[in-house]
Enquirer: 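Handing you this structure, nothing more for now.
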Amino acid sequence: MPAYTFDRRTLLAGVGGAALIAGVGSLSACSKSSDSGKNTATANSAVKLPTYIAYTGVKPDLPGTEQGVDPAFRNYPKDRPKSVEETPGNGETLSGMANIYYAVPPGPSKNSYWAGLNKRLGLTLDLQMVGNADYTQKFATTIAGNDLPDMLQMQVVANFPALLEKRFTKLDEYLAGDAIKDYPNLANIPTRTWKSAVYNGALYGIPIPRGAIGAYHFIRQDLFEAAGLSPEPKSYDELVETGKALTDRKKRRWAYGLINQPRQLLGRMNGEPNSWRNEGGKLTNTYETEEYKQTITDLIAMWKSGVIHPDAFNPAQPFKQLFNAGTVAINAADGYPGWTQYILDNASNPNFKLGLMPSYKRDGSGLAHWAYGSGVYSITGLKKQDDPEKIKLILRVLNYLAAPFGTEEHMYRLYGQEGVDHTVNSEGNPSLTKVGTANTVLPIRYLADAPYAIYQPGRPQDADTQHDYQSLEIPTGISNPTVGLFSNAAATKNPTADKNFTDAINEIIQGRKPFSTMDDLIKTWKSAAGDEMRKEYEEQLQKAATPR
């Protein structure tokens with residue numbers, strides 16, 4: 001699974017955003033009023049979030065924690081209780097749209113998994129599956145054409161609050177407080193993730209939860225062992241020596257791939273804030289800190305030493321494939337669910353050994369602060385409907401799709417029918433067949449999903465490895481104080497401003513511009529977007545805009 005996660009600061013940039021605003025006449029008219037009084041800190045802080053009721057029907061081998069460590073299972077539970085007693089639908093058709101990272105699977109007439117899912121849901125699920133690279137454009141044209149499906153994986157765009165008010169359903173009467181008890185699998189979604197669905201003083205979507213850990217520092221443990229290296233370099237100096245020891249240009253091997261990956265690792269080592277630093281309601285962006293300048297200084301030295309892949313500044317670099325091939329030894333920032341895909345991608349390589357590297361302070365005096373992820377992948381919006389019963393039907397379907405790990409519904413959703421889509425070993429662990437691999441990739445997990453659970457079929461030791469790593473790093477974590485807040489400047493001006501800034505910084509790292517230009521770059525970014533973003537975020541912070 002990719003590292004991408006939804007963030008209220010995530011942007012619909014370029015043509016997609018332009019098409020959205022230009023193509024929706026009535027919505028465009030209300031664009032200037034997106035902050036006209038409805039999407040205010042006061043209104044949002046008054047929203048009553050759904051009551052959290054944890055699912056307890058399955059006991060993990062290693063428990064999760066309130067701080068954010070995910071529960072871990074060494075094997076898939078053999079007893080798989082049902083979490084949904086009644087069939088959600090009664091022969092209707094529901095439409096939905098979400099992105100997909102795989103080849104589009106066959107339709108229900110040629111896909112027994114999809115047909116079986118329809119039967120279990122008691123309806124026909126009509127899905128638009130859009131390749132991830134094309135989703136921004138497709139989302140824009142779908143909104144502009146007002147041809148909305150019943151369920152839509154949302155993207156945060158310019159004037160997002162106005163879009164929600166115009167086209168999507170307020171869900172408070174169905175989900176706020178104890179009302180969510182009608183949908184127990186949705187009630188199992190952590191409270192913190194619901195905050196990302198609050199706009200205009202109301203609940204406007206179903207969050208797709210993700211773990212607090214956000215990303216891992218993946219390493220090729222086999223390459224570390226072959227070089228006799230510790231997987232825990234405990235200072236900047238040790239990290240530098242580790243990078244040099246792993247790099248062998250004659251073997252076409254480098255320590256790091258994409259430039260942004262060691263940047264994040266060094267940022268933690270140097271004590272950068274998690275995007276923004278909040279000091280008494282005053283925000284400082286990481287670009288404005290001395291810690292960031294130290295990180296760029298370190299990257300200049302790393303680049304000169306040759307430990308970073310020569311194509312590191314190409315955003316299209318296939319960093320996962322380079323890691324799988326052993327061309328890159330440290331994948332320093334990739335989404336934590338990527339563990340499963342790396343294991344699957346390297347199943348035929350007996351030498352492949354995946355590991356995780358802790359991040360330490362620059363002076364080696366202890367663990368560095370971890371940077372928490374946003375905790376959500378996206379939210380699912382429900383288009384406005386005339387019939388409240390239709391909303392309840394959609395929520396029942398999403399409740400089914402959010403079935404927790406270990407339940408009968410979860411087992412089917414991920415692995416399909418035993419004997420066709422998967423086989424099961426003596427420990428109860430499923431293994432997808434060739435048919436199941438192709439058929440089960442419906443992007444329904446991006447319409448509703450359960451909280452994450454650590455599990456790797458057939459590799460019980462992986463549960464302990466990941467749980468240990470999360471238990472080590474999560475207690476050190478710091479949050480991005482703007483998660484859960486909306487900035488229109490972030491959605492309209494920052495994509496271009498940030499790209500210009502980053503491009504120029506990359507020139508500095510490569511020695512094409514002097515380091516002394518950094519201060520002017522920061523001033524330009526602040527003027528173009530940064531100061532306006534800060535103002536919008538601070539207004540909400542100072543009004544304590546945290547929904548209940």
Side-chain angles (χ1 to χ4, degrees), residues 5-10 12 34-35 38-53 96-98 139 143 148-157 159-183 185-212 373-385 391-392 394-399 401-402 445-452 479-480 482-488 490-491 540 545-548:
T5 56
F6 170 94
D7 188 314
R8 293 181 72 150
R9 297 169 299 107
T10 301
L12 179 58
S34 61
D35 296 318
K38 294 185 177 179
N39 189 51
T40 65
T42 300
N44 290 340
S45 64
V47 171
K48 190 173 186 178
L49 296 177
T51 301
Y52 173 65
I53 305 171
M97 188 175 98
F139 181 83
I143 296 295
L148 303 183
D150 297 315
M151 306 171 286
L152 180 62
Q153 177 193 329
M154 302 298 290
Q155 292 213 325
V156 176
V157 298
N159 305 305
F160 193 56
L163 169 64
L164 291 170
E165 182 184 21
K166 185 79 175 179
R167 302 277 173 77
F168 293 88
T169 301
K170 291 182 182 179
L171 297 171
D172 302 71
E173 69 177 282
Y174 307 97
L175 301 178
D178 287 348
I180 202 167
K181 290 182 178 178
D182 288 341
Y183 312 98
N185 290 341
L186 297 181
N188 183 47
I189 295 175
T191 300
R192 57 184 168 78
T193 66
W194 287 98
K195 296 176 182 177
S196 291
V198 174
Y199 291 88
N200 308 316
L203 282 168
Y204 271 100
I206 306 298
I208 309 300
R210 290 292 182 265
S374 67
V376 292
Y377 177 83
S378 63
I379 64 171
T380 297
L382 279 61
K383 79 170 183 179
K384 286 191 173 180
Q385 305 275 355
I391 297 298
K392 293 179 182 178
I394 297 170
L395 291 174
R396 289 198 299 273
V397 169
L398 296 175
N399 180 66
L401 297 179
R445 69 181 58 178
Y446 305 126
L447 295 176
D449 203 358
Y452 191 75
S479 299
N480 175 354
T482 69
V483 169
L485 308 180
F486 176 75
S487 162
N488 209 49
Q540 297 169 68
T546 302
R548 288 195 295 259

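As the structure is a computational prediction, the values presented were derived from the model and not from experiment.
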Enquirer: Contact between L485 and N44 at the side-chain level, heavy atoms closer than 4.5 Å - yes or no?
Expert: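 Result no, sub-4.5 Å side-chain heavy-atom pair not found.
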Enquirer: Out of the candidates V397, I391, N399, only one should pair with L395 under the side chain to side chain contact (heavy atoms under 4.5 Å, CB included) rule; please name it.
Expert: I391
Enquirer: Which heavy atom of L186 sits nearest to which heavy atom of L398, and what is that distance?
Expert: CD2-O, 3.9 Å
Enquirer: Out of curiosity, K392 NZ to Y183 OH, how far, rounded to the nearest 0.5 Å?
Expert: 6.5 Å
Enquirer: Please report the shortest heavy-atom distance between K383 and T169, naming the atom on each side.
Expert: O-OG1, 3.0 Å
Enquirer: Using modelled atom types and a 3.5 Å cut-off, is there a donor and acceptor pairing between side-chain atoms of T40 and backbone atoms of A43?
Expert: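 Checking the backbone N and O of A43 against the side chain of T40, a donor-acceptor pair under 3.5 Å is found.
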Enquirer: Could you report the tightest heavy-atom contact between Q155 and F160, atom names first, then the distance?
Expert: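 Taking every non-hydrogen atom into account, O-CE1, 3.2 Å.
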Enquirer: Checking side-chain polar atoms at under 3.5 Å, does N39 have a donor or acceptor matched by the opposite partner on E165?
Expert: no
Enquirer: Salt bridge or not between R210 and D449? Use side-chain N to carboxylate O under 4.0 Å.
Expert: yes
Enquirer: Give the C-alpha distance, both sets of side-chain angles, the deciding distance and a yes or no for side chain to side chain contact (heavy atoms under 4.5 Å, CB included) between D172 and K48.
Expert: CA-CA 8 Å; D172 302 71; K48 190 173 186 178; over 6 Å; no
Enquirer: Do the side chains of Y52 and N188 get nearer than 4.5 Å, heavy atoms only?
Expert: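 Counting from C-beta outward, N188 and Y52 do come under 4.5 Å.
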Enquirer: Here's a test for you: under side chain to side chain contact (heavy atoms under 4.5 Å, CB included), which of L401, L152, L447 qualifies with T380?
Expert: L447
Enquirer: Can you tell me how far apart CH2 (W194) and CG (L171) are? Round to the nearest 0.5 Å.
Expert: 7.5 Å
Enquirer: Just wondering, do L148 and F168 contact through their side chains at under 4.5 Å, heavy atoms?
Expert: yes
Enquirer: Quick one: sort the Y377 and Y446 rings into parallel, tilted or perpendicular, breaks at 30° and 60°.
Expert: parallel
Enquirer: Which pair of non-hydrogen atoms, one from G201 and one from V47, has the smallest distance, and what is that distance?
Expert: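 Closest heavy-atom pair between G201 and V47: C-CG2, 3.3 Å.
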Enquirer: Would you give the length of the straight line joining atom CG of L382 to atom CG of L203, rounded to the nearest 0.5 angstrom?
Expert: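 Separation between the atoms: 11.5 Å.
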Enquirer: Nearest 0.5 Å, what's the CG-CE distance between L164 and M154?
Expert: 5.0 Å
Enquirer: Can you name the nearest heavy-atom pair linking T193 to P209, along with the distance?
Expert: CG2-CB, 4.1 Å
Enquirer: Quick one: pull up CD in Q153 and CZ in R445 and give me the separation to the nearest 0.5 Å.
Expert: 12.0 Å
Enquirer: Measuring from Q540:CD to T482:OG1, what's the distance to the nearest 0.5 Å?
Expert: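 One finds 9.5 Å between CD of Q540 and OG1 of T482.
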Enquirer: Could you walk me through whether I206 and L175 pass the side chain to side chain contact (heavy atoms under 4.5 Å, CB included) check?
Expert: CA-CA 10 Å; I206 306 298; L175 301 178; 3.5 Å; yes
Enquirer: Run Y199 and V156 through side chain to side chain contact (heavy atoms under 4.5 Å, CB included) and show every step you take.
Expert: CA-CA 12 Å; Y199 291 88; V156 176; 4.2 Å; yes
Enquirer: Using the rule given for side chain to side chain contact (heavy atoms under 4.5 Å, CB included), can you reason through I394 versus Q385, listing the C-alpha separation, both sets of side-chain angles and the distance that settles it, and then say yes or no?
Expert: CA-CA 11 Å; I394 297 170; Q385 305 275 355; 3.9 Å; yes
Enquirer: Might you point out which heavy atoms bring N488 and N159 nearest each other, and give the distance in Å?
Expert: OD1-N, 2.9 Å
